[in-house]
Amino acid sequence: MRRGGTLLSLALLTGCATGPSLENRGAVTAPPGDSKHLTIGSAGFTESDLLAQMYALLLDQAGYKTSMLTVANRELYEPALESGQIDVVPEYAATFADWLNAKTHGADAPPVGSPDLATTMKALRALATPRGLTVLDPGRAVDQNAFAVTAAYAVQHHLKTLSDLGASRLPVRLAAGDECVQRPYCEPGLKKTYGIDITGVDPKGVGTTQAKRAVQSGQDQMVLTTTTDATLDEFGLVLLADDKHLQNADYIVPVVNRSRAGSEGVIKALGKVNDVLTTADLASMNQQVDSWRRLPEDVARTYLKDKGLLK
């Protein structure tokens, strides 16, 4: 475990499930803070751990002392971010915008995340700022829902995009989560946006080994996964491009507590990784952790050094 990388107890979050009321915050007009001891939050899955480790390493180098806190539940870590018990977290623009929108306006509020990054960021910042949160600029890396077929199937039917699949009129059985039949980005969107003939949804989960094997064996023709899935090659799968932008703009964005970590020092340090990190880079790092069993801290450190961002 690297210096400052201690996992803090979840007991830290006790009593912070709601955070201070919006009316009492005054966070919009408060000057950005620059605490020298920062807690970096992770949502507990590989990609979030990697991003949190990179954030911590860059902040360490910039003169901050950091600790790591893993909280798998957004319902816990977001209020902790508002209250200052967590100072920095990696988030996903469209998903976080919709989550804050539901928290602010109710679960039935129309979603504000969209495939357009600028529109999504505007909505996200409008929701985050009154809560004392600053959303930093997104980089190039994006973790969106994505669809894969076998490489052999793609070659046989001349498929590179989801539009190609729709134009082919091929019947497609889709391996995905059972919610796919209702989600606009999944079965309904594939039918409406691309004209793909989805004959059924095989409820094997999103990007699971079971789902990929079903496509590999020919039981299903396509699998719902993500753009940073590091294991597609192992199953002989390739992604079809979302050329009509069905998926929302889930670009990776650092989110900070403004009163503790809204300073130029923090923004500059975290901006370094956003300037270079790509979706392919993130997929490669995920693979090193998930398939090669390397530690997220080691993978993050090597990447930053290779990019000249860490001494």
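Position 1 is the first residue of the sequence; numbering continues from there.
With rounding to the nearest 0.5 angstrom, the CG atom of Asp202 is 4.0 Å from the CG atom of Asp220.
Between the side chains of Arg213 and Thr208, not a single donor N or O lies within less than 3.5 Å of an accepting N or O. Under 3.5 Å, the side chains of Tyr303 and Gln53 contain no donor-acceptor pair of N or O atoms. Looking only at atom types and distance, the side chain of Thr231 has a donor-acceptor partner in the side chain of Asp229 under 3.5 Å away. Between the side chains of Thr46 and Asn286, no donor N or O sits under 3.5 Å from an acceptor N or O. A donor-acceptor pair shorter than 3.5 Å can be found between the side chains of Tyr92 and Glu47. Looking only at atom types and distance, the side chain of Gln144 has no donor-acceptor partner in the side chain of Thr226 under 3.5 Å away. Using modelled atom types and a 3.5 Å distance limit, the side chains of Asp242 and Tyr194 yield a donor-acceptor pair.
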Practice item. With side-chain contact (heavy atoms from CB on, under 4.5 Å) as the test, would you mind laying out the steps for Glu91 and Tyr251 before giving the verdict? Key: CA-CA 8 Å; Glu91 262 294 357; Tyr251 285 76; over 6 Å; no
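With hydrogens and angles disregarded, a donor-acceptor distance shorter than 3.5 Å links the side chain of Thr150 to the backbone of Tyr153.
Listed here is the closest heavy atom pair of Arg294 and Val299: CB-CG2, 3.6 Å. Closest non-hydrogen pair, Val276 versus Asp281, comes out as O-OD2, 3.4 Å. When all heavy atoms of Leu190 and Leu174 are compared, the pair lying nearest together is CD1-CD2, 3.9 Å. When all heavy atoms of Gly262 and Pro32 are compared, the closest pair comes out as O-CB, 3.1 Å.
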